[in-house]
Amino acid sequence: MKMNKTLLSAAVAVGLLSTSGVTHAAGFQLAEYSATGLGRAYAGEAAMADNAGAQWRNPAMLTYLEGTQVSVGAIYVDPNIDIEGTSGANTPANSEDFAHSAVIPNFYVSHKYSEKLAIGFAAGTNYGMETDLGKDFAGSNHGNEASVISMELNLNAAYQVLDNVSVGGGIRYVMAEGSFGATAAATLPVGTTLKYMEGDDTAWGWQVGTAWQINENNRLGFTYKSEVDLTLEGHAKGAAFDAVAAGVGGLGAIKPQYSGSMELALPATAELASFHQLTDTVAIHASVNWTNWSSFKELVADIPEFGPARTQDIKEENWEDNYRFAIGTTYQMTPKLTLRSGIAYDTSAVSEEHRTATIPETDRTWLSIGAGYQWSEQLSLDAGFTYILAKDAKMLEDDAASAPFGGSFEGEVSGSIWLVGVQANYRF
């Protein structure tokens, strides 16, 4: 299935594809790249070099890793997102726990090739989500299901250009698939598919980063990831597409499904981070992240067999750039035991007037704790735990295209997310 573009395409098609309350950074972005960073709410990541996973957030940090290192882990995500509202003539429109749980794995390898040069390989994900409001959701005409699944492979390299300055970069190969659906809540039989799309694509991107060791106890890091342009290719079906087919080619043009695609840009991101060793046992770290969600303005489906009507405006999104602020601490309790903590605030990528039920994006607060244990000279183990509190947020959907099949929808989303992660790191 072709996910990236189709998912977006679908999401937009009836409501705006989304990472919904399920994702933990803004939009449908995922922050969870390692259990090590999870324990400090991912504060200061672009300036940290705990293990081979450091290259995911800043490839320049590879120069701080000695020898050959391998890091592997996973994070379990348990979102609890509810929505309450009304549709049409005050018909209750509610859905509980509609965001699906997931396990997010990761794998990293780093190798110090020489005193100044280091290389690395990384496998993880930056985007993903899955929601299912159900066909009986009274606002399903605006969208009732969406999913995005992506995987990313990186090849990275870093070089120490000065005694206190390192630079790094890498190429990114992104594989993604997605789906989106909307069903009739009125007029047609309830549950009739209005629009359903699914598709997938692969694309290339890049990332660069730098690290400045101000002195022995203070360090700054900066990293930038490029936008990744996807064209989700797959198929579409449903009454809304049938209506277009009938209009351009007569009843004989209607098919069980139609081949199509949609453009989707995974936005560029940047991070500025700092690390400060206050004492032999205590360090603090902080970061500011930016994501260029304002590039996500609208979704347009391209269905060649519709001829002159091949491009179908699905939805205007009008998202906004989002920012994330985080601060954390590291405490070396004993030579073998490290304790971590952190707090972060993630701003919403969408305003109330553009928020939708399929992507009830809102502000989030992170509260995190974690620990690391040096099992042996080569092996270390990390664990992290985070509770994310989502801010209650209102929404109103009244687009003209879907309103006849269930009316407008007005509601409020609330919820929280639990994250638990483990990581194993080995140095050769």
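Note that the structure is a prediction, hence the values are computed from the model and not measured.
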Peer 1: Side chain to side chain donor-acceptor pair (under 3.5 Å) for Asp382 and Thr36? Distances and angles first, verdict last.
Peer 2: CA-CA 6 Å; Asp382 293 314; Thr36 311; 2.8 Å; yes
Peer 1: Compare every heavy atom of Asn94 with every heavy atom of Gly85, then report the nearest pair and how far apart it is.
Peer 2: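 It is N-OD1, 3.1 Å.
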Peer 1: Going by atom types alone, do Thr362 and Ser348 pair a side-chain donor with an acceptor below 3.5 Å?
Peer 2: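 No, Ser348 and Thr362 have no side-chain donor paired with an acceptor closer than 3.5 Å.
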Peer 1: With side chain to side chain contact (heavy atoms under 4.5 Å, CB included) as the test, would you mind laying out the steps for Trp204 and Ile171 before giving the verdict?
Peer 2: CA-CA 7 Å; Trp204 295 91; Ile171 57 175; 4.1 Å; yes
Peer 1: Judged by modelled atom types alone, do Gln423 and Ser71 share a side-chain donor-acceptor pair under 3.5 Å?
Peer 2: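 Note: Gln423 and Ser71 side chains meet the donor-acceptor criterion.
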Peer 1: Kindly give the heavy-atom pair with the smallest separation between Ala211 and Ala60, and that separation in Å.
Peer 2: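 In terms of heavy atoms, the two residues are closest at N-CB, 3.9 Å.
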Peer 1: Could you measure the distance from the CH2 atom of Trp375 to the OG atom of Ser380? Nearest 0.5 Å is fine.
Peer 2: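 It is 12.0 Å, given to the nearest 0.5 Å.
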Peer 1: Ring centroids only, cut at 6.0 angstrom: are Tyr224 and Phe222 within range, meaning strictly under it?
Peer 2: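 No: the rings miss the under 6.0 Å criterion.
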Peer 1: In terms of relative ring orientation, are Tyr113 and His111 parallel, tilted or perpendicular, with 30° and 60° separating the classes?
Peer 2: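 Tyr113 vs His111 ring planes: perpendicular.
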Peer 1: Are Phe306 and Tyr258 close enough that their ring centres sit under 6.0 Å apart?
Peer 2: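 That pair passes the under 6.0 Å test.
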Peer 1: Is the gap between the ring centers of Tyr42 and Tyr33 under 6.0 Å?
Peer 2: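 Yes, the ring centres sit under 6.0 Å apart.
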Peer 1: Given Glu32, which partner from the list Ile75, Asn126, Asn106 fulfils the side chain to side chain contact (heavy atoms under 4.5 Å, CB included) test?
Peer 2: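 Going through Ile75, Asn126, Asn106 one by one, the side chain to side chain contact (heavy atoms under 4.5 Å, CB included) with Glu32 is satisfied by Ile75 alone.
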Peer 1: Looking at Asp50 and Arg40, is any side-chain nitrogen of the basic one under 4.0 Å from a carboxylate oxygen of the acidic one?
Peer 2: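 Answer for the salt bridge query: yes.
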Peer 1: Checking Thr338 against Gln332: is there a side-chain donor and acceptor pair closer than 3.5 Å?
Peer 2: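 Their side chains do contain a donor-acceptor pair, which is all the 3.5 Å distance test asks for.
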Peer 1: Determine whether the aromatic ring centres of residues Trp366 and Phe325 are separated by less than 6.0 angstrom.
Peer 2: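 Not close enough - the centres of the two rings lie 6.0 Å or further apart.
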Peer 1: Flag the pair Glu271 and Arg57 as a salt bridge only when some basic side-chain nitrogen lies within less than 4.0 angstrom of an acidic carboxylate oxygen.
Peer 2: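 Counted as a salt bridge, because a side-chain N and a carboxylate O are separated by less than 4.0 Å.
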Peer 1: Mind running side chain to side chain contact (heavy atoms under 4.5 Å, CB included) on Ser351 and Glu320 for me, showing each step along the way?
Peer 2: CA-CA 8 Å; Ser351 61; Glu320 305 168 350; 3.6 Å; yes
Peer 1: Identify the heavy atoms of Ala344 and Arg324 that sit nearest to each other, and give their distance.
Peer 2: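 Heavy-atom minimum between the residues: CB-NH2, 3.4 Å.
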Peer 1: Students often mix this up, so state it plainly: with edges at 30° and 60°, are the rings of His235 and Tyr196 parallel, tilted or perpendicular?
Peer 2: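 Ring orientation of His235 relative to Tyr196: tilted.
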Peer 1: Nearest 0.5 Å please: distance from the CG atom of Asp78 over to the OG atom of Ser101.
Peer 2: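 The OG atom of Ser101 is 4.0 Å from CG of Asp78, to the nearest 0.5 Å.
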Peer 1: Grab the two heavy atoms, one from Asn141 and one from Gly407, that are nearest each other, plus how far apart they are.
Peer 2: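 So the minimum-distance heavy-atom pair works out to ND2-O, 3.1 Å.
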Peer 1: Between Asp201 and Thr231, do the side chains contain a donor N or O and an acceptor N or O under 3.5 Å apart?
Peer 2: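 Looking only at side-chain atoms, Asp201 and Thr231 do not form any donor-acceptor pair under 3.5 Å.
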Peer 1: Name the one of Met395, Arg355, Lys394 that satisfies side chain to side chain contact (heavy atoms under 4.5 Å, CB included) with Glu412?
Peer 2: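 The option that passes is Lys394.
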Peer 1: If we ignore angles and hydrogens, is there a donor and acceptor under 3.5 Å between the side chains of Thr330 and His285?
Peer 2: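 There is such a pair between these side chains.
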Peer 1: Side chains of Asn144 and Asp132: is there a donor and an acceptor less than 3.5 Å apart?
Peer 2: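 No, no side-chain donor-acceptor pair sits under 3.5 Å.
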